[in-house]
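From a predicted model like this one, the values you see are computed outputs, not experimental measurements.
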Amino acid sequence: MSSEELTKNQERFDHKNEERSALRSGKGLTEEVVRLISEDKDEPDWMLDRRLRALEHYQNMPLPTDWPGQPDLTELDVEEIIPYIRPDVEARGSVDSWEDVPEDIKDTFEKLGIPEAERESLSGVGAQYESEVVYQNMQEQWEEKGVVFMNMDQAVEEHPEIVKEHFMTRCVPPSDNKFAALHGAVWSGGSFVYVPEDVTVEMPVQAYFRMNSEGMGQFEHTLIVAEKGSEVHYIEGCSAPKYGTHNLHSGGVEVFVGEDAHVQYSTVQNWSKNTFNLNTKRAIAEKGGRMEWVSGSMGSKATMLYPCTILKGRGASANHISIAFAGEGQDIDTGAKVYHNAPNTNSTIESKSISKDGGRTNYRGLVHISDGAHDSSTAVECDALMFDNESISDTMPYMEINESKVDVAHEATVGKIGDEDVFYLQSRGLDDDDAKQMIVSGFIEPITEELPIEYAVELNRLIELEMEGSLG
């Protein structure tokens, strides 16, 4: 990539608007803030009750500080985070015409490729700015088949029974961890996807989440319900410009994969190096259901991200694929969790990490096979690539096997970009930077192959920017 192209791509993510908010909560997490958010959204009492219960869990739970090798969270002060900023847009909630989005917000998303991607290859697009979805649209051909794609605030109003049943009940209860409780108390925006029985959504749906203001938290909630025999691919993009103070991203994702249904959840995240990225993502797969996670994470100061799949029904399967990139001052702690709770279940986990300039990456994973989950199988593969002797890569796999009639495999490799490899490529006419970029592109190819072409290209661009030290 030429220096001109690098500058152009860097500007896409560094672009920042002057804050124009219609409502801005106070800092920190208090009952007053929680009630303010709920009142501003005109939520029903049952949702306010859930928020307040989550707040109680949050107040009674400690921060995770005793995990071996976990990222340092001491610089994160939730009491200094602004949990809710409603942007100053003319219409409350999302609009379905791109022309109705305010010019400065529209310009931000245009720089990031929204809605260009919609015009080219997507069934529907949502765009969240700060704490609220400002644009949402679904192609009519899918609406006619009963597919629902809307923001979560709308879903609470228009599909209360589905939301009541699934929202932070069985999949990600607020009692799960400190940040799940935080999320449950102050969540705002996000996506609701419902796919009826035997409906295949042939083109992906996409949501993009953008933080613009300094010192804020973004807490979008994504809820996907795929009924029996259905299929959908959901793509999520996230980014934030450079900040002088810390920001927090603590999203929540819940996926319900019905009998013989198939859901793929792909995400490419590029945060500022002042952002703490602490998410809770989980799926439950019924009999014969198939769940796929494809994740690319980079840019943040610290990330703790471990998508989890619970294989609840016989023959259910999960496939987790992830890539993490850590540069100077970054600690990217990612991995996956799979619970085999039924016979004949299958899972694969493939993790690839890259570290440079003293950055740290870590694979932290858990595979649990319950007693009675016979004839199940799992395979875990962790590969790490380092640029220098100062960088760090760790692997922390946990295997809890309570059934004897199973197949279990784990493989891990750690390597450094070799001088001989670089020299060979230079002898073929490449300079040092291009040679290293080619090696990295080959290293992550198994993951980019799982993404739509435009996202694979984007992921490669982001990694090129990281290698140049141009992001965050």
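Rounding to the nearest 0.5 Å gives a distance of 10.5 Å between CG of N177 and CG of L63. The distance from the CZ atom of R24 to the CE atom of M216 is 9.0 Å, given to the nearest 0.5 Å. For the atom pair C382 SG and I349 CD1, the distance stands at 7.5 Å (nearest 0.5 Å). Considering CH2 of W293 and CD1 of I321, their distance stands at 13.5 Å, rounded to 0.5 Å. S38 OG to Y84 OH: the interatomic distance, rounded to the nearest 0.5 Å, is 10.0 Å. Distance check: L48 CG to D45 CG gives 6.5 Å after rounding to the nearest 0.5 Å.
Counting all heavy atoms, side chain and backbone alike, D72 lies closest to D331 at N-OD2, 4.4 Å. Nearest approach of A261 to V257, heavy atoms of both residues: O-CG1, 3.5 Å. Taking both residues in full, the closest heavy atoms of P173 and A180 are given as O-CB, 4.0 Å, listed atom of the first, atom of the second, then distance. In terms of heavy-atom proximity, A324 sits nearest to T361 at O-CG2, 4.2 Å. Residues P68 and Y398 come closest through the heavy atom pair CG-OH, 4.3 Å. T222 and E236 make their closest contact through OG1-OE1, 4.2 Å (heavy atoms, listed as atom of the first residue, atom of the second, distance).
In this structure, I310 and R170 have side chains that are not in contact, with every pair of non-hydrogen atoms separated by 4.5 Å or more. Counting heavy atoms from C-beta outward, T378 and V338 have side chains that stay 4.5 Å or more apart. Annotation: side chain of S230 is not in contact with side chain of T200 (no heavy-atom distance under 4.5 Å). Considering only heavy atoms from C-beta on, W67 comes within 4.5 Å of R364 through its side chain. For the pair N274/K301, no side-chain contact is recorded, criterion being any heavy-atom separation below 4.5 Å from C-beta on. Side-chain contact between W142 and V205: absent, with no pair of heavy atoms (C-beta onward) separated by less than 4.5 Å. Contact check for D176 versus R282: side-chain heavy atoms found under the 4.5 Å cut-off. For the pair Q269/N279, a side-chain contact is recorded, criterion being any heavy-atom separation below 4.5 Å from C-beta on.
Between E43 and R50 there is no salt bridge, since no side-chain nitrogen of the basic residue lies less than 4.0 Å from a carboxylate oxygen of the acidic one.
Side-chain atoms of K337 do not come within 3.5 Å of backbone N or O of G365 as any donor-acceptor pair. Remark: side-chain polar atoms of K281 are not paired, donor with acceptor, to backbone N or O of V253 under 3.5 angstrom. In this structure a side-chain-to-backbone donor-acceptor pair under 3.5 Å is present from E403 to G372. In this structure, R360 contributes its side chain and D333 its backbone to no donor-acceptor pair below 3.5 Å. With hydrogens and angles disregarded, a donor-acceptor distance shorter than 3.5 Å links the side chain of S250 to the backbone of L278. Distance alone, capped at 3.5 Å, places no donor-acceptor pair between the E259 side chain and the G288 backbone. A donor-acceptor pair under 3.5 Å is absent between the side-chain atoms of E80 and the main chain of G215, judged by distance alone. Under a 3.5 Å cut-off, the side chain of N247 and the backbone N or O of G217 do not form any donor-acceptor pair.
With hydrogens and angles left out, the side-chain atoms of T345 and H340 include a donor and acceptor closer than 3.5 Å. Looking only at atom types and distance, the side chain of N277 has no donor-acceptor partner in the side chain of T275 under 3.5 Å away. No hydrogens or angles considered: a donor-acceptor pair under 3.5 Å links the side chains of Q264 and S266. Judged by distance alone, the side chains of S370 and N341 do bring a donor and an acceptor atom under 3.5 Å apart. Side-chain atoms of S188 and K41 include a donor-acceptor pair closer than 3.5 Å.
Aromatic rings of W187 and F167 (six-membered ring for Trp) have centroids within the 6.0 Å cut-off, being under it. Aromatic rings from H159 and F192 are positioned such that their centres are separated by under 6.0 Å. For H368 and Y339, the ring centers sit closer than 6.0 Å to each other.
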Evaluation steps, side chain to side chain contact (heavy atoms under 4.5 Å, CB included), between L223 and Y194:
CA-CA 8 Å; L223 175 60; Y194 176 82; over 6 Å; no
Quick one, E220 with M152, criterion side chain to side chain contact (heavy atoms under 4.5 Å, CB included). Give me CA distance, side-chain angles, the key distance, then yes/no.
CA-CA 9 Å; E220 80 283 351; M152 275 301 302; over 6 Å; no
Could you walk me through whether R53 and S175 pass the side chain to side chain contact (heavy atoms under 4.5 Å, CB included) check?
CA-CA 9 Å; R53 286 200 299 272; S175 58; over 6 Å; no
Please assess E292 against H262 for the test side chain to side chain donor-acceptor pair (under 3.5 Å), listing each intermediate value before the final yes or no.
CA-CA 8 Å; E292 295 184 76; H262 175 205; 2.5 Å; yes
Assess the residue pair F219 and L182 against the criterion (side chain to side chain contact (heavy atoms under 4.5 Å, CB included)); give the C-alpha distance rounded to whole Å, side-chain angles, the decisive distance to 0.1 Å, and a yes or no.
CA-CA 9 Å; F219 306 95; L182 169 65; 3.9 Å; yes
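Using cut-offs of 30° and 60° on the angle between ring planes, the pair F149 and Y234 is perpendicular. Below 30°, between 30° and 60°, or above 60°: for H246 and F276 the angle between ring planes is above 60°, a perpendicular geometry. A perpendicular orientation is assigned to the rings of H166 and F256, their planes being inclined by more than 60° (bins at 30° and 60°).
Residue N60 qualifies as enclosed at atom CG: its count of foreign heavy atoms under 6.0 Å is above 12. More than 12 heavy atoms of other residues, nucleotides or ligands sit less than 6.0 Å from atom CD of Q70. Dense packing is recorded around CD of E197, with more than 12 heavy atoms of other residues, nucleotides or ligands lying under 6.0 Å away.
Residue R35 forms a salt bridge (Lys or Arg N to Asp or Glu O under 4.0 Å) with just one option from E32, E39, E31, and that option is E31.
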